[in-house]
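No hydrogens, no waters, no symmetry mates; every other heavy atom, side chains included, goes into these values. Keep in mind that this is a model prediction, so the values were computed, not measured.
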Amino acid sequence: DVVREKSPFRHYGVGNPVKVKTFEEEFCKVLGCKYALAVSSGSGALLCAIAAAGLGPGDEVIIPSFAWYTDYCVLVNMGVMPVFADIGEDLNMDPADFERKITKKTKAVIPVHYQGAPAKIEEITRIARAHNLVVIEDCAQALGGEYRGKMLGSYGDMAIASFQTHKMITCGEGGMFFTNNEELYVRAVRYHDLGFVRPFFENKLENKALAAKE
């Protein structure tokens with residue numbers, strides 16, 4: 001449809017570019033989140049999350065010792081120090097070791113729901129809140145999954161999904177940043193698009209002043 005309409009840009013152009021808009025809206029309905037931002041890949045979504053959290057040189061982020069390269073690479077690319085926590089028999093982050101690895105420099109944690117198996121996200125989130133850490137859920141391999149009746153991606157401050165060909169749903173490549181936090185959403189929007197908050201995104205905001213911030 002996009003090729004037929006000759007309108008590959010999501011915001012304007014020939015035809016009626018609504019594919020990405022519709023996808024984001026349907027994603028929010030299914031996942032029960034307020035904001036979703038479609039990007040080029042799961043890696044791109046995680047970069048947006050790191051930027052939205054304001055992380056950079058001097059900060060530490062705890063990740064599982066066994067996961068996907070992206071969870072490590074995006075941190076290094078942003079100048080953030082990855083710190084590895086052991087995994088348990090479920091191949092997901094061990095909450096006890098996560099807590100042991102927290103230092104004064106720790107600013108966030110990225111629990112990965114590995115190959116569709118939910119991490120112990122309630123315990124991880126509880127520990128993170130006690131230490132004032134940002135929680136970024138990596139749902140790349142578990143989109144649509146639940147943990148104790150609650151959707152994965154809804155426990156943390158923000159989450160990411162991937163639409164690469166081996167994932168739950170696919171468009172060949174693609175990713176999604178999603179959150180219920182409006183300020184984090186705006187920061188991610190700015191990071192993914194030259195610092196802009198286009199009218200398309202501004203219209204979604206409850207606090208319009210966020211779009212005016214430099």
Side-chain angles (χ1 to χ4, degrees), residues 9-13 16-59 61 74-75 77-80 106-111 121-122 124-140 143-144 146-147 150-163 174-214:
F9 187 48
R10 66 169 291 174
H11 293 295
Y12 54 79
N16 184 30
V18 296
K19 288 289 186 183
V20 180
K21 171 181 178 293
T22 303
F23 185 32
E24 290 173 342
E25 290 172 349
E26 293 300 316
F27 187 95
C28 286
K29 288 179 185 177
V30 173
L31 270 293
C33 57
K34 291 180 68 175
Y35 304 105
L37 175 66
V39 292
S40 61
S41 65
S43 298
L46 196 50
L47 279 168
C48 287
I50 299 303
L55 302 174
D59 297 332
V61 173
V74 296
L75 298 177
N77 287 343
M78 301 290 271
V80 179
T106 308
K107 296 296 188 295
V109 59
I110 304 177
I121 191 63
E122 281 186 339
I124 290 170
T125 302
R126 177 186 59 76
I127 294 167
R129 296 289 179 252
H131 293 272
N132 197 30
L133 305 180
V134 175
V135 179
I136 303 169
E137 289 184 69
D138 184 340
C139 303
L143 181 62
E146 297 182 1
Y147 183 77
K150 188 175 177 180
M151 295 294 290
L152 299 178
S154 64
Y155 285 88
D157 298 285
M158 45 191 152
I160 66 101
S162 171
F163 308 121
M176 191 78 82
F177 166 95
F178 55 109
T179 183
N180 289 319
N181 185 300
E182 190 165 80
E183 187 167 356
L184 293 175
Y185 172 68
V186 171
R187 290 178 186 173
V189 165
R190 288 190 185 278
Y191 184 77
H192 103 293
D193 191 15
L194 305 171
F196 297 151
V197 181
R198 296 178 190 268
F200 173 85
F201 298 109
E202 185 176 355
N203 292 338
K204 296 175 180 289
L205 304 180
E206 296 175 6
N207 181 5
K208 304 295 185 183
L210 289 172
K213 287 185 178 180
E214 295 297 332

Interatomic distance, Y185 atom OH to K34 atom NZ [nearest 0.5 angstrom]: 11.5 Å
Separation of N180 CG from L31 CG (nearest 0.5 Å): 10.0 Å
Minimum heavy-atom distance G42-S162, with the two atoms named: CA-CB, 4.1 Å
Near-ring test F23/F163, centroid separation under 6.0 angstrom: yes
Side-chain heavy atoms of R129 within contact of V135, under 4.5 Å: yes
Backbone N/O of D157 and side chain of T179: donor-acceptor pair under 3.5 Å: yes
Within the 6.0 Å centroid threshold, strictly below: H11 and F196: no
From L37 atom CG to D193 atom CG, the distance as rounded to the nearest 0.5 Å: 9.0 Å
M78 CE to I50 CD1 distance, which is reported to the nearest 0.5 Å: 7.0 Å
Criterion side chain to side chain contact (heavy atoms under 4.5 Å, CB included) against I160, the qualifying member of L143, L46, L47: L46
Atom CZ of F9: over 12 foreign heavy atoms under 6.0 Å: yes
Non-hydrogen atoms of A108 and L55 that approach each other most closely: CB-CD1, 4.0 Å
Residue pair V197 / R190: nearest heavy atoms and the distance that separates them: CG2-CZ, 3.5 Å
Nearest heavy-atom neighbours spanning V39 and A45: CG2-N, 3.5 Å
Check: E182 side chain, L205 main-chain N or O, donor-acceptor pair, under 3.5 Å: no
Verdict with supporting geometry, M158 and V134, side-chain contact (heavy atoms from CB on, under 4.5 Å): CA-CA 9 Å; M158 45 191 152; V134 175; 3.8 Å; yes
Exam field: side chain H192 to backbone V189, donor-acceptor pair closer than 3.5 Å: yes
From CA spacing to verdict: side-chain contact (heavy atoms from CB on, under 4.5 Å), R10, R198: CA-CA 11 Å; R10 66 169 291 174; R198 296 178 190 268; over 6 Å; no
Pairwise distance CZ(R126) to NE2(H131) - rounded to 0.5 angstrom: 9.0 Å
Nearest non-hydrogen partners of I121 and T125, listed with the distance: O-OG1, 2.7 Å
G153 backbone acceptor or donor facing E137 side chain under 3.5 Å: yes
Parallel, tilted or perpendicular: rings of F178 and F27 (30°, 60°): perpendicular
Euclidean distance, K21 NZ relative to N16 CG, rounded to 0.5 Å: 9.0 Å
Side-chain donor/acceptor of R187 to backbone N/O of C48, under 3.5 Å: no
Shortest non-hydrogen contact from I136 toward A49: CG2-CB, 3.9 Å
Pi-cation contact, Y155 with K150 (under 6.0 Å, within 45°): yes
